[in-house]
Protein chains: 2
Amino acid sequence: MSVQERKERERAARERLIVATARELAEQQGWDAVTTRRLAERIEYSQPVLYSHFRGKREIIGAVALEGAAELAAAVRAATAAADCPRERVYALARAYLDFAARNPAVYDAIFQLDGGLAFAHEDTPEPLKDAFAALLESLGEVAGDGVHPGLFTETFWAALHGLATLTRAGRLPPEDAELRVELLVDRLAVV
Amino acid sequence: MSVQERKERERAARERLIVATARELAEQQGWDAVTTRRLAERIEYSQPVLYSHFRGKREIIGAVALEGAAELAAAVRAATAAADCPRERVYALARAYLDFAARNPAVYDAIFQLDGGLAFAHEDTPEPLKDAFAALLESLGEVAGDGVHPGLFTETFWAALHGLATLTRAGRLPPEDAELRVELLVDRLAVV
DNA sequence: GATTCGATCCTAGCACCGCTAGACAAGTGA
DNA sequence: TCACTTGTCTAGCGGTGCTAGGATCGAATC
């Protein structure tokens, strides 16, 4: 019994190592640099070992995405918990969200840009993704305004943040006035 | 002289063929399917011919992006020209923008998601890109509201549209309430 | 303690990718 | 007609994701 348990533990540890290494490599050199060969070399195993844990590269990206979604949810909740009024909570949420995207660009891409084989806006959406949306909804729902469905408001606000995050990082928006754009967004969209 | 002119004409025609074929292939089967081999086969030339027109695949994507940006600008201007008041213009703009993204997903990706080697928010930004932003600015600038820089407002509104476009298409947002989200965005952001 | 046997892992290889060197043919001007 | 430029193609490089099949190692059995 114990032997098998030890093996399962080791196997789980190796799986975590794969995900962590993929993430690290992606943040260091971008997802293009995350090849199965390089990844295998970094974890000091051969290539096929990766395929005994994941169906393919896509699933590895998906695993990084789930890990990242949980962190994003936690970051948002931590930021909003420290704020007093609804408006301040929304400010804090927006800043925390954009800050996460800026600090973890590869992870952010894994969650929202790349194909990690994850289902969204579905009943079989993985729990961390649903929870990340829930974290947004908790603070954004209370500033949706009369007659506006909280979920719909959250989706719209989230999309705006997502646009700012991606366009800024892709060099499509000059980074100087990032703070002003956030203020504009919050001031106009949030109803207090 | 005339011989050389004819050759240049033919060469230009072939270059247009390459760009059009790349775009077509991308819209049909996605950018992943646009390989230099397949593209060469479709235009009935060998692979290296592509490299006599473009430095590489990236530049081909860039060419599609520029073509698309010009169309996007035209679509936005056509839609806003038909509207009477500022608010209606913004509605029309938002719908035209999202419609373009939905109808030409591959082109939209080439412009805003993929690396086409294009400079943005720079002095050496290609003209079609600057003009596309200008097209947005023309209608959005007039609803920025007092004390808000029109350019900054346009950037923010654009980012919100971009977020809606990408998240919807990537399956991150359910497509049902797309219209409601647009209305919410316009009603809250635009000051009339 | 030797032996069987199954799980585990690696070597080698597939078809494909972007890109390029060098051979070759076709068309141009003398 | 001939030299030469120009244009195009064949073939190949190193890389990619992924997999088949053989080797190895450790656990359980006699």
Side-chain angles (χ1 to χ4, degrees), chain A residues 1-19 21-23 25-26 28-65 106 109-110 114-118, chain B residues 1-19 21-23 25-26 28-65 106 109-110 114-118:
Chain A
M1 290 303 138
S2 181
V3 170
Q4 195 174 349
E5 283 176 10
R6 194 206 67 219
K7 284 197 178 182
E8 282 174 14
R9 264 202 322 274
E10 287 172 354
R11 203 181 143 72
R14 193 172 62 181
E15 190 158 314
R16 283 194 302 273
L17 176 64
I18 292 173
V19 176
T21 306
R23 174 177 178 164
L25 193 50
Q28 283 173 356
Q29 309 181 33
W31 277 107
D32 278 352
V34 183
T35 69
T36 54
R37 278 172 180 76
R38 247 192 291 260
L39 187 50
E41 194 188 359
R42 284 228 183 174
I43 64 168
E44 296 181 312
Y45 280 95
S46 75
Q47 240 181 324
V49 163
L50 301 174
Y51 293 86
S52 75
H53 288 271
F54 301 96
R55 223 184 276 275
K57 190 182 171 180
R58 168 191 292 203
E59 267 196 10
I60 297 177
I61 296 174
V64 173
D109 280 349
L114 302 176
D115 180 12
L118 304 175
Chain B
M1 291 305 138
S2 180
V3 169
Q4 195 174 351
E5 283 175 9
R6 194 206 67 220
K7 285 196 177 183
E8 283 175 11
R9 265 203 320 275
E10 289 173 352
R11 204 181 142 72
R14 193 173 63 182
E15 188 157 317
R16 283 193 302 274
L17 177 63
I18 292 172
V19 176
T21 306
R23 174 177 178 165
L25 193 49
Q28 283 173 355
Q29 307 181 35
W31 277 107
D32 278 351
V34 183
T35 69
T36 55
R37 279 172 179 78
R38 247 190 291 259
L39 186 51
E41 194 188 0
R42 283 228 183 174
I43 64 167
E44 296 181 313
Y45 280 94
S46 75
Q47 238 182 326
V49 164
L50 301 174
Y51 293 86
S52 74
H53 289 271
F54 301 96
R55 224 184 275 274
K57 190 182 172 181
R58 168 191 292 203
E59 268 196 10
I60 298 177
I61 295 174
V64 172
D109 279 350
L114 301 176
D115 179 12
L118 304 175

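These figures come from a predicted structure and were not determined experimentally. Computed from heavy atoms alone, side chains included, the values below leave out hydrogens, waters and symmetry copies. Labels below follow one simple rule: chain letters A, B, ... track the order of the sequence lines, proteins then strands, and each chain is numbered from 1.
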Next on the checklist: Just verifying a value: how many Å separate Arg11(A) CZ and Leu17(A) CG, rounded to the nearest 0.5 Å?
Outcome noted: 13.0 Å
Item to check | Donor-acceptor pair (no angle test) under 3.5 Å: Arg37(A) side chain, dG17(D) base | outcome: yes
Checklist outcome for this item: To the nearest angstrom, the OH-P distance between Tyr45(B) and dA25(C) comes to 18 Å
Checklist entry - Within the structure shown, what part of the strands sits under 4.0 Å from Thr35(B) by heavy-atom distance: base, sugar-phosphate, or nothing? => result sugar-phosphate
Next on the checklist: Just to be sure I understand the rule, does Arg38(A) reach a base, reach only the sugar-phosphate, or reach nothing, if contact means heavy atoms closer than 4.0 Å?
Outcome noted: sugar-phosphate
Item to check | Lys7(A) NZ to dG6(C) P, straight-line distance once rounded to whole Å | outcome: 13 Å
Next on the checklist: Can you measure Arg55(A) atom CZ to dG17(D) atom P for me and round it to whole angstrom units?
Outcome noted: 18 Å
Checklist entry - DNA chain D: Arg11(B) or Thr36(A), which has the more 5' nearest nucleotide? => result Arg11(B)
Checklist entry - On a plain distance test, is the side chain of Gln47(A) in donor-acceptor contact with the base of dC10(C) below 3.5 Å? => result no
Checklist entry - CD of Gln29(A) versus P of dT16(D): gap in Å, rounded? => result 12 Å
Next on the checklist: Rounded to whole Å, please give me the gap between OH in Tyr51(B) and C1' in dC19(C).
Outcome noted: 5 Å
Item to check | Heavy-atom side-chain contact between Val34(A) and Ile60(A) under 4.5 Å | outcome: no
Checklist entry - For Asp32(A) and dG18(C), what is the distance between atoms CG and C1' respectively, to the nearest whole Å? => result 12 Å
Item to check | Minimum-distance nucleotide (side-chain atoms of Val49(B) versus dC9(C), dT8(D), dC19(C)) | outcome: dT8(D)
Checklist entry - To the nearest angstrom, how far is Lys57(B) atom NZ from dG15(D) atom P? => result 19 Å
Next on the checklist: Tell me whether Glu44(A) at atom CD has more than 12 heavy atoms from other residues, nucleotides or ligands lying less than 6.0 Å away.
Outcome noted: no
Next on the checklist: Using OP1 and OP2 only, check whether a side-chain N or O of Arg14(B) sits under 4.0 Å from dT8(D).
Outcome noted: yes
Checklist outcome for this item: Nearest heavy-atom approach of Arg55(B) to Glu59(B) is N-OE1, 2.9 Å
Checklist entry - From Leu25(B) CG over to Arg42(B) CZ, what is the distance, rounded to the nearest 0.5 angstrom? => result 4.5 Å
Checklist outcome for this item: Leu50(A) CG to dT8(C) P, in whole Å, measures 16 Å
